[in-house]
Amino acid sequence: MPYPESMRESLKMVEKTRAKRVELAKSGKPVVPPLTLEEREELLKKFHPDYQPDAEKIIRVGPNKGEKMTAQVVDLLESHSRINPDEIDLSSVDFDVDVLIIGGGGAGCMAAIWAMKEGAEKILISTKLRLGDANSMMSQGGMQAAVNPHDSPAIHYLDVMGGGHFDNKPELVKALVMDAPFIVKFLMELGVMWDRLPDGHLQTKPGGGTSRRRMLSCRDYTGAEIMRVLRDEVRNHPDKITVLEYSPAIELLLDDKGQVAGAILMQTETGEYIVVRAKSTIIATGGFGRLHIKGFPTTNHYGATADGLVMAYRAGAKLLYMDSVQYHPTGAVYPEQIWGFLITEKVRGLGGQPVNRLGELFVFPLEPRDVEAASFIKECAEGRGVKTPTGRVGIWLDSPVIEILNGPGTIEKQLPAMLRQFHRFGIDIRKEPMLVYPTLHYQNGGIEIDEWGRTSLPNLFVAGEASGGVHGRNRLMGNSVLDYNVYGRRTGIKAAENARKVKLGKLTLEHVRKYEDELKEAGIKTKRIAPILFPDYRNFEIIKKHRKFFDPFVGFALTGWQE
Amino acid sequence: MSGEVKKVTVFIMGQKYEVPEGFTILNAIEYAGYQLKRGVGCREGFCGACATVYKLPGDYKLRGGLACQTVVQEGMYIAQIPFTPAQKATYDLNELKPDVTTFQKLYPEAFRCLGCNACSKVCPQEIKVMDYIQAIMRGDIALAADLSFDCIMCGLCAMRCPAEMAQYNIALLARRLYGKYMMPKPEFLEKRLKEIEEGKFDKEIEKLMKMDRESLAKKYSERDINFEIT
Ligand SMILES: Cc1cc2nc3c(=O)[nH]c(=O)nc-3n(C[C@H](O)[C@H](O)[C@H](O)COP(=O)(O)OP(=O)(O)OC[C@H]3O[C@@H](n4cnc5c(N)ncnc54)[C@H](O)[C@@H]3O)c2cc1C
Ligand code: SF4
Ligand code: SF4
């Protein structure tokens, strides 16, 4: 699907301005001056989706009652449980473990490895799809760590805080930046192939909102490389770590002392319930991209439906910054088959330039993500975007510049996944730019944690994208791969420690009943049930003909629920 | 899209469906009415969960691809591979040597390769699978690590292999050995770790942590941006 005639005119203009833009880039100065903090603020207010009047509403139940959150998150939280507590027999426990880890992505695997290192003998990972089918598998760009002499954890700290609009919890950021170099080494010793310079020095690139070269990568399969190594390491210890695939958790279990005590899992194919009693429970369920907030497409994997938030919230854990959503500036717009897919920020890190329909530069290519995304939305809203035959709009991300700046072969070596992705549809990104528009990417907030991943609930830990506080209201590229490693490790250690001390009482699902009462008291009538586990992309027109109830947000996952 | 969308006829597990032209196999399966619970993952070509085999009309060949990356064609017969049973050795990487003997011990089946190239032909990542297996047989771990780097572990090669090995697990071991033992060591990293251990940055960070929002914002605005390679 090479670019159609209708887009060619604009392509020509991009080609025309390319030589000049390359000159500008070679000068070493920013190709467009970065915005001041005030200018950023103004742009965000006008154009970022989070700031639109319909973006938020007030949640009426639970620990954050009365606070504003992203509207779709409120819908998700104000919902019924998948289970009726009366129908579940908690007296027969299927797994009795030291540490239960919910979610088999990066955070989950890292936690398992470290819980084991800390002496936990019985570790269970519950995961929704296969182990490693997760956002962690998908990160392309890289991971931040201050591994250059002219960089330091302190400079990293300042960048993280600035990127997060200073809403980040300081002690969480400290742990993040101080542990980073250690994580690099730990992963290297597990065999992760970090890109190197010829002398062995770790190769680093700038990233959006970084003030130094701090982005480590493994070609553009960074996430896949780390994830498959962590997964392999988990599988090397079947004596201590059991993995249950296709068995997501659907509700946490508490005990009669109010402590978290495990979870109920559901085998997605057979529908069988599995009761797990655990001394420590770690939620590592990742993000919420598949909620398609505000109708945006997403970069996230199929299972990213915020299940962990729902379960923890029902059990009484507090959420933080659930009013903030990260839209990645560069989601693919053309061809239609890859709508919303991620174009890694590394493209801009290597010198790729965003330009409008007229071939003009309009923004510093490496602003923090929210700012960069807002500037793209503005450009399109004001008529300087490019239309596709299906009516979508985007701006160009000029990748051929990369080859001119860094030499031919750079894209093949540094961006093989991107090259392949577009090549499959007949576009050679070494010669032609990509059309992009913001796409729903990351859950900035989440379940509130402290610097060891502990929550307000005894025995409950959270690591990775499901947690809130590390990134404030805007995460910078490369800090969430770091986040899941740092907090996967930290929760693994603490969960193992905790498991040695805990005495559990009688298992209960009382909190589910209580939440149901709260819904009733608040006068909330809904057919929604959550966690939704999977999005529903069936052809509604065909299927809905004999069904009464249909919710475009969660599809048919709800049929059968009786109020 | 304007006007009537063109449809193509496909067969999903033998059942006939009309789906819009240009859809990927994954979109087509969902369009036909399946809410997938397996055989789906990242949907962007990175996780290898949606390995699929298909046949085209008038063609005896069994082809393979990722459902999320392959566009439907008229008359396509489609079956997803829900799971690939595969042997995976368990090991302690610290006790392994980065040479051919490790593979002889852990994955002896790799040495049964017949050189048929069925694996390379089916690989959706266009990886030279046979070449990396042969590199391993020669003990050239560096080459195997490089050639196999883009492997997403979809399992299609293993399903086709007459020597009945799981190439992707073997390649993963090669990459881990290469990453751990054979890549040049980053010297400065050790220094940085020592600096952190000795508390070199503690004071500075403590100071930043105590700053109020305004002064921190000021400091942030004034920070120098330096992208030099050091
Ligand atoms: C396309 C893409 C590119 C990215 N690029 C970068 C990058 O370059 N740099 C960077 O720093 N970050 C990047 N990120 C973000 C980063 O990859 C993620 O934030 C991070 O990997 C999250 O790790 P996690 O372990 O918390 O969650 P995940 O890796 O998503 O793992 C969560 C796991 O939990 C499972 N799960 C969900 N619900 C349940 C349940 N109810 N029960 C059991 N299991 C469940 C999921 O199936 C999944 O396996 C990217 C993200 C995406 C989507
Ligand atoms: S090498 Fe095998 S497992 Fe890896 S991507 Fe190719 S076919 Fe799939
Ligand atoms: S399919 Fe098996 S036997 Fe054939 S070349 Fe590949 S590894 Fe060798």
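The chains referred to below are lettered A, B, ... by the order of the sequence lines, with proteins before strands, and numbering in each begins at 1.
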Report task. Could you check whether the rings of B/Phe188 and A/His201 sit parallel, tilted or perpendicular, using 30° and 60° as the cut-offs? Result -> tilted
Report task. Return the option, out of A/Val177, A/Asp133, A/Leu158, with the maximum number of heavy-atom pairs under 4.5 Å with chain B. Result -> A/Leu158
Report task. Measure distances from A/Thr388 to the heavy atoms of chain B and classify the residue's part below 4.5 Å as side chain, backbone, both or neither. Result -> neither
**Report entry** Part of A/Val147 within contact of chain B (heavy atom distance under 4.5 Å)
**Finding:** both
Query raised in the report: Do A/Thr204 and A/Asn148 get their side chains close enough for a donor-acceptor pair, meaning under 3.5 Å?
Result: yes
Report task. Verify the distance criterion only: is there a donor paired with an acceptor across the side chains of A/Gln337 and B/Gln69 at less than 3.5 Å? Result -> no
Query - Under 4.5 Å from any heavy atom of chain A - which part of B/Ile29 - result: neither
Query raised in the report: Any Lys/Arg nitrogen of B/Arg43 or B/Glu30 sitting under 4.0 Å from an Asp/Glu carboxylate oxygen of the other?
Result: yes
Report summary line: Under 4.5 Å to a heavy atom of chain B? For A/Arg212 that would be both
Query raised in the report: For A/Ala146, is it the side chain, the backbone, both, or neither that has a heavy atom closer than 4.5 Å to a heavy atom of chain B?
Result: both
Query raised in the report: Looking at A/Lys205, A/Arg228, A/Glu233, which makes the most heavy-atom pairs under 4.5 Å with chain B?
Result: A/Arg228
Query raised in the report: Which of the residues A/Met193, A/His301, A/Met178 is involved in the greatest number of heavy-atom pairs with chain B at under 4.5 angstrom?
Result: A/Met193
Query raised in the report: What part of A/Ser136 is in contact with chain B, defined as an atom under 4.5 angstrom from a non-hydrogen atom: side chain, backbone, both or neither?
Result: neither
Report summary line: Turns out that what part of A/Leu37 lies under 4.5 Å from chain B's heavy atoms comes down to side chain
Report summary line: Applying a strict 4.5 Å limit to non-hydrogen atoms, the region of A/Asp159 in contact with chain B is both
Query raised in the report: Would you say the side chains of A/Thr127 and A/Glu245 form a donor-acceptor pair under 3.5 Å?
Result: no
**Report entry** Heavy-atom proximity to chain B below 4.5 Å, by part of A/Phe341
**Finding:** both
**Report entry** Contact origin within A/Leu187 toward chain B - heavy atom pairs under 4.5 Å
**Finding:** neither
Query raised in the report: Centre of B/Tyr34's six-membered ring, under 6.0 Å away, within 45 degrees of the axis: is that where NZ or CZ of B/Lys37 sits?
Result: no
Query - Geometric cation-pi criterion, B/Arg38 with A/Tyr246: 6.0 Å, 45° - result: yes
